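Below is one structure; the comments refer to it alone.
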Amino acid sequence: MRRTERYRLFIDYFSEHQPVAETELTYENPYQLLVAVILSAQCTDKRVNLTTPALFDRFPTPYDLANSHFEELQPFLRSISYPNNKTRHLLGMAKMLTEEFGGEVPEDAALLQKLPGVGRKTANVIASVIYNQPKMAVDTHVFRVSKRLGLVDQKLKTPLEVEKQLMRHIPETYVAVAHHWLILHGRYTCLARRPKCEVCPLTHFCRYYEKHGAGGII
DNA sequence: ATCCCGAGGG
DNA sequence: CCCTCTGGAT
């Protein structure tokens, strides 16, 4: 099957069954989403959402965060992964945001990536969700699922390579929603360890299923 | 044991 | 390219 055909089947299915797909992180403004996405590295959204209410209550603006310090902030992040790194990231991010960007979250992905704790994936999420830019953030789910489905070469080794191939094939107007489709599919069906092929609606064009069959283990 | 909407540093 | 960070869920 040709690659363009896989994209058509993928988009057709989710357009029909999941026309609206958005992030599960809870946030009320760009600053809050930026913080939430930074915290979400190697951590479930559910756990981030348990952490952020107290955090946003104590630090409602980047200025509050910038005026804090490690010992005060770190306890808020104790129950998520990499609390020490993320404490440093948030403090550095807030400092740069307030000192260089007037407290506003920048729109440009290249500027976003200058912020401590913000890599390409996080920058693309912000640019896409907050500023409606056609950016594909490649996280662990997008990386795994797009390869399994055969949307990109299975041998690709970096998220950037996967991002480029996806962007080459997905129409701009579908990039944002397709990102969330890949996330949702990876989180609830195409699981990393034991994908639920028996209930997956995409097996008729999935390269992973074609190769491993039902119940195939990685 | 392996993974979770990664980033930074070597 | 690799490694480290590092809590919680399965």
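In the text below, chain A, chain B and the rest are named by the order of the sequence lines, each starting its count at 1. These figures come from a predicted structure and were not determined experimentally.
For the pair A:Phe70 CZ and C:dC5 C1', the interatomic distance rounds to 12 Å; values are reported in whole Å. Counting to the nearest Å, the P atom of B:dC5 and the CG atom of A:Asn49 are 11 Å from each other. Computed from coordinates, the A:Asp45 CG to C:dG7 C1' distance equals 15 Å when rounded to whole Å. We find that CG of A:Leu184 is positioned 10 Å from P of B:dC5, with the value rounded to whole Å. Rounded to whole Å, the distance from CE on A:Met136 to C1' on B:dC5 is 12 Å. The distance from atom NZ of A:Lys86 to atom P of B:dA7 is 10 Å, rounded to the nearest whole Å. Atom CG in A:Asp139 sits about 9 Å away from atom P in B:dC4, given to the nearest Å. In this structure, CG of A:Asn85 is placed 8 Å from C1' of C:dT4, rounded to the nearest angstrom.
At the heavy-atom level, A:Pro116 lies under 4.0 Å from the strands shown only through sugar-phosphate atoms. As judged by a 4.0 angstrom heavy-atom cut-off over every strand, A:Lys157 is placed among residues touching the sugar-phosphate backbone only. Among the heavy atoms of the strands lying under 4.0 Å from A:Ile183 is at least one base atom, whether or not backbone atoms are also near. Nucleic acid contact for A:Arg78: sugar-phosphate only, since backbone atoms but no base atoms lie under 4.0 Å from a heavy atom of the residue. When heavy atoms are screened at a 4.0 angstrom cut-off, A:Val142 is found touching no nucleic acid atom at all. Residue A:Ser79 is in sugar-phosphate contact alone, with no base atom involved, counting any heavy-atom pair closer than 4.0 Å across all strands shown. Counting non-hydrogen atoms under 4.0 angstrom, A:Arg144 reaches the backbone sugars and phosphates but no base.
Between B:dC4 and A:His141, a contact under 4.0 Å exists linking OP1 or OP2 to a side-chain N or O. A sub-4.0 Å separation between OP1 or OP2 of C:dA9 and a side-chain N or O of A:Arg47 is present. Regarding contacts with the backbone of C:dT6, a side-chain N or O of A:Asn84 is found under 4.0 angstrom from either OP1 or OP2. A:Arg193 has no side-chain polar atom (N or O) that falls below the 4.0 Å cut-off from OP1 or OP2 of C:dT10.
Remark: A:Glu104 CD is loosely packed, at most 12 non-hydrogen atoms of other residues, nucleotides or ligands lying under 6.0 Å away. By the 6.0 Å contact criterion, OH on A:Tyr174 is open, its count of non-hydrogen atoms from other residues, nucleotides or ligands being 12 or less.
Each of B:dG8, C:dC1, B:dG6 was ranked by its minimum atom distance to the side chain of A:Thr140; first place goes to B:dG6. For A:Thr158, whose side chain is taken as the heavy atoms from C-beta onward, the closest listed nucleotide among B:dC4, B:dG6, C:dC1 is C:dC1. Minimum atom distance to the side chain of A:Pro83 is reached by C:dG7, of the listed C:dC5, C:dG7, B:dT2.
Nucleotides B:dC3 and C:dC3 are separated by 15 Å at their P atoms, to the nearest Å. Nucleotides B:dC4 and C:dC5 have their C1' atoms positioned 14 Å apart, rounded to a whole Å. For the P atoms, the distance from C:dT6 to B:dG10 is 16 Å, rounded to whole Å.
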Full working for salt bridge (charged side-chain N to carboxylate O under 4.0 Å, His left out) between A:Glu163 and A:Lys135: CA-CA 9 Å; A:Glu163 177 186 330; A:Lys135 299 284 189 180; over 6 Å; no

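Of the two residues contacting DNA chain B, namely A:Val118 and A:Ser81, the nearest-nucleotide position lying further toward the 5' end is that of A:Ser81.
Checked by atom type and distance alone, the side chain of A:Ser81 pairs as donor or acceptor with a backbone atom of A:Gln42 at under 3.5 Å.
With hydrogens and angles left out, the side chain of A:Thr23 and the base of B:dC5 share a donor-acceptor pair within 3.5 Å.
For A:Leu191 against A:Arg148, the heavy-atom pair with the smallest separation is O-NH1, 2.8 Å.
A:Asp64 and A:Thr61 are linked by a side-chain donor-acceptor pair at a separation below 3.5 angstrom, with hydrogens and angles left out of the test.
Between A:Phe76 and A:Phe59, the gap from one ring centroid to the other is short of 6.0 Å.
Under the stacking definition used here (centres under 5.5 Å, planes under 30°), the residue A:Tyr82 fails to qualify as stacked on the base of C:dT6.
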